[in-house]
Asks: 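Next up is a structure, given as structure tokens.
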Amino acid sequence: MKPATAAKKLGVYLEATPAEFQEGVVSRDELNALQTEPPEWLRELRRNGPHPRPVIAAKLGISISGLARGGITDALTTEQIDAVKTEDPDWLKRERETQAEVRKEEARLKATRTES
């Protein structure tokens, strides 16, 4: 698979991976090996970042669209994500509320489908 696909499956920011990872092709066996026994560079990326937008959104408890609405379009490190959480800006509060409403609605719809 392409390095971008492998990076997405591993939950890491492609541009922060080693050059040999970015330039190569990753087989399914190699991907499985990276997932089960991650090398130090992968553990470090997962721990400290920079993180891709889906990981940032999950860590902040909002959607990827909410990140864009909040003006976050680039990868962030764990330290930067923690700073945003500490600052707790108004846009983050709004996006968390929106995300909570979306989850409630999804649960309601699921319950409705289960009853049918």
Side-chain angles (χ1 to χ4, degrees):
M1 70 187 69
K2 294 179 182 177
T5 303
K8 186 175 181 179
K9 289 181 182 283
L10 292 169
V12 295
Y13 187 58
L14 177 63
E15 286 77 7
T17 61
E20 58 271 8
F21 181 86
Q22 292 180 37
E23 296 165 2
V25 175
V26 180
S27 70
R28 293 246 179 239
D29 290 338
E30 291 170 326
L31 179 66
N32 290 337
L34 287 169
Q35 289 173 325
T36 57
E37 294 181 33
E40 182 56 34
W41 65 263
L42 182 54
R43 287 194 302 269
E44 180 67 20
L45 274 178
R46 287 178 170 167
R47 189 175 330 131
N48 298 318
H51 302 288
R53 291 182 313 144
V55 173
I56 298 168
K59 286 180 180 265
L60 292 175
I62 62 175
S63 67
I64 295 172
S65 299
L67 280 180
R69 286 189 293 269
I72 296 179
T73 56
D74 295 329
L76 297 179
T77 63
T78 300
E79 187 177 308
Q80 290 169 316
I81 293 168
D82 290 342
V84 171
K85 285 180 182 178
T86 301
E87 184 182 313
D88 200 22
D90 289 338
W91 68 265
L92 182 57
K93 292 176 188 172
R94 281 192 309 274
E95 291 302 330
R96 285 181 172 162
E97 290 169 4
T98 300
Q99 193 68 18
E101 289 298 319
V102 167
R103 287 185 182 129
K104 281 183 196 174
E105 181 63 11
E106 287 173 349
R108 185 190 70 77
L109 291 173
K110 183 178 179 182
T112 302
R113 278 186 241 121
T114 305
E115 292 172 2
S116 300

Asks: Show me the donor-acceptor pairs, under 3.5 Å and distance only, between side chains in residues 83-92 and residues at least two apart or in other chains.
Replies:
residue, atom, partner, partner atom, Å
K85, NZ, K59, O, 3.3
T86, OG1, D82, O, 2.9

Asks: List the residues meeting ring-ring contact (aromatic ring centres under 6.0 Å, His included) with F21, not counting sequence neighbours, and say none if there are none.
Replies: W41

Asks: Partners of R43 by side chain to side chain donor-acceptor pair (under 3.5 Å), sequence neighbours excluded?
Replies: E40

Asks: For K104 and E101, what are the C-alpha separation, side-chain angles and deciding distance, and is it a salt bridge (Lys or Arg N to Asp or Glu O under 4.0 Å)?
Replies: CA-CA 5 Å; K104 281 183 196 174; E101 289 298 319; 3.6 Å; yes

Asks: Using every non-hydrogen atom in the two residues, find where Q35 and P38 come nearest and quote the distance to one decimal.
Replies: O-CD, 4.0 Å

Asks: Going by the rule side chain to side chain donor-acceptor pair (under 3.5 Å), which residues pair with S63 if we only count those two or more places apart in sequence or in a different chain?
Replies: none

Asks: Not counting sequence neighbours, which residues clear side chain to side chain donor-acceptor pair (under 3.5 Å) with E97? List them please.
Replies: none

Asks: Please list, chain by chain and in numerical order, all residues satisfying side chain to side chain donor-acceptor pair (under 3.5 Å) with E20, sequence neighbours excluded.
Replies: none

Asks: Could you list all the ring pair (Phe, Tyr, Trp, His ring centres under 6.0 Å) pairs where at least one residue sits in residues 52-82, not counting sequence neighbours?
Replies: none

Asks: Tell me whether L60 shares a hydrophobic cluster with V102, the cluster being built from Ile, Leu, Val, Met, Phe, Trp, Tyr side chains joined at under 4.5 Å.
Replies: no

Asks: If you link ILVMFWY side chains whenever their heavy atoms are less than 4.5 Å apart, which other residues fall into the same cluster as V25? By chain and number, please.
Replies: none

Asks: Using side chain to side chain contact (heavy atoms under 4.5 Å, CB included) as the criterion, list what pairs up with E30, not counting sequence neighbours.
Replies: V26, S27

Asks: Please tabulate, for side-chain N and O atoms in residues 65-76, each donor-acceptor pair with protein atoms closer than 3.5 Å (sequence neighbours left out).
Replies:
residue, atom, partner, partner atom, Å
R69, NE, E95, OE2, 2.9
R69, NH2, E95, OE1, 2.8

Asks: Compare all side-chain heavy atoms of R47 with those of T78 and state whether any distance is below 4.5 angstrom.
Replies: no

Asks: Running the 4.5 Å side-chain criterion over Ile, Leu, Val, Met, Phe, Trp and Tyr, what cluster does L109 land in, apart from itself?
Replies: none

Asks: Run through the side-chain heavy atoms of Ile, Leu, Val, Met, Phe, Trp and Tyr, join any pair under 4.5 Å, and report what else lands in V55's cluster.
Replies: none

